[in-house]
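Structure first, then comments.
First listed ligand is number 1; within each ligand, the first listed atom is number 1.
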Amino acid sequence: MALQNDKINLFDNGKLDLRPLIAGDIKEQHFICPFIHFKPDSHLSDIEPTQDVQMEGKITNTAGYIKLEAVVSLHYRTSCARCAEPLERTLEVPVEKDIALRSQLQDDDTDDYIVIDTPMIDLEPIAIEELYLGMPMRDLCSDDCRGLCPKCGKNLNEGTCSCPEREPDPRLAILSKWSDKNKQ
Ligand SMILES: [Zn+2]
Ligand SMILES: [Zn+2]
C-alpha cells in the first residue's frame with residue numbers, strides 16, 4: 001500500500017505535477033487518481049455509481065512526446081434493459097491521449113492533444129469524458145435475456161406465461177383489410 005500512497009501524494013489540488021517528467025528527470029510517471037466523483041447526466045438516470053471513479057495509468061515522456069495511457073474504472077448499479085433485473089457492473093475504459101503544453105505547440109492544431117497551460121494536469125475531467133464515451137448503450141443481464149412479456153409483464157427468463165404466443169401486427173391487419181377491399 002505504500003506504493004499506492006506515494007502515487008496519491010503526487011497530486012496537488014487534484015492535479016498531477018508533470019514538471020519532473022517535462023524536465024526529463026524521469027521518463028514515466030505512474031499514478032492512481034482515486035476519488036473522482038461521477039454524477040451521471042439525466043439521460044443515464046439508470047446508472048448509480050457504487051464507488052468513486054478511479055483512473056490508473058502512466059504518463060510518459062518519449063523525446064518530448066508526452067503521452068497518457070490509463071484505464072478509467074467505474075463500479076455501478078443498473079438494471080437490465082430488457083427484464084429490469086438489478087445488475088452490478090464494472091466499466092473499464094482504456095484511455096490513450098497525447099498531451100502538449102500550450103507554450104510548446106507549433107500551430108493551432110490542438111485537436112489531437114490534451115492541451116495544458118501549466119505543467120499540471122487535471123485528470124478528473126479527462127476521466128469523466130472518457131466514461132461518457134465508453135458507457136454502453138444499455139446493459140443486459142445476459143445477451144440472450146428474453147425480457148418481459150409485453151402483455152402480462154412476466155419475466156420470461158423465469159418461464160413462459162400463458163399469453164398468446166404472438167399478437168397480430170396491427171399494421172399487417174390494416175394491410176390485409178386494404179387488400180381484401182381491393183379484391184372486391
Ligand atoms: Zn435481463
Ligand atoms: Zn404474458
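For the pair Leu148 and Cys83, the tightest heavy-atom approach, listed with the atom from each and the gap, is CD2-O, 3.6 Å. Scanning all heavy atoms of the two residues, the minimum distance from Phe31 to Ala70 falls at CZ-CB, 4.0 Å. The shortest heavy-atom contact between Lys154 and Thr160 is CE-O, 3.3 Å. Residues Tyr132 and Lys39 share a closest heavy-atom pair of OH-O, 3.6 Å. Of all non-hydrogen atoms in Ala127 and Met55, the two that sit nearest each other are CB-SD, 3.9 Å.
Proximity of Ile59 to Ile121: side-chain heavy atoms (C-beta onward) are separated by under 4.5 Å at one or more points.
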For this session: Begin from the C-alpha positions of Asn157 and Glu85 and carry the test side-chain contact (heavy atoms from CB on, under 4.5 Å) through to its verdict.
Result: CA-CA 10 Å; Asn157 298 309; Glu85 277 296 298; 5.7 Å; no
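Between Cys163 atom SG and Cys149 atom SG, the angle centred on the Zn ion (ligand 2) amounts to 110° (nearest 10°). Rounding to the nearest 10°, we obtain 110° for the angle at the Zn ion (ligand 2) between Cys152 SG and Cys161 SG.
Less than 2.8 Å away from the Zn ion (ligand 1), the protein contributes these N/O/S atoms: Cys80 SG, Cys83 SG, Cys141 SG, Cys145 SG.
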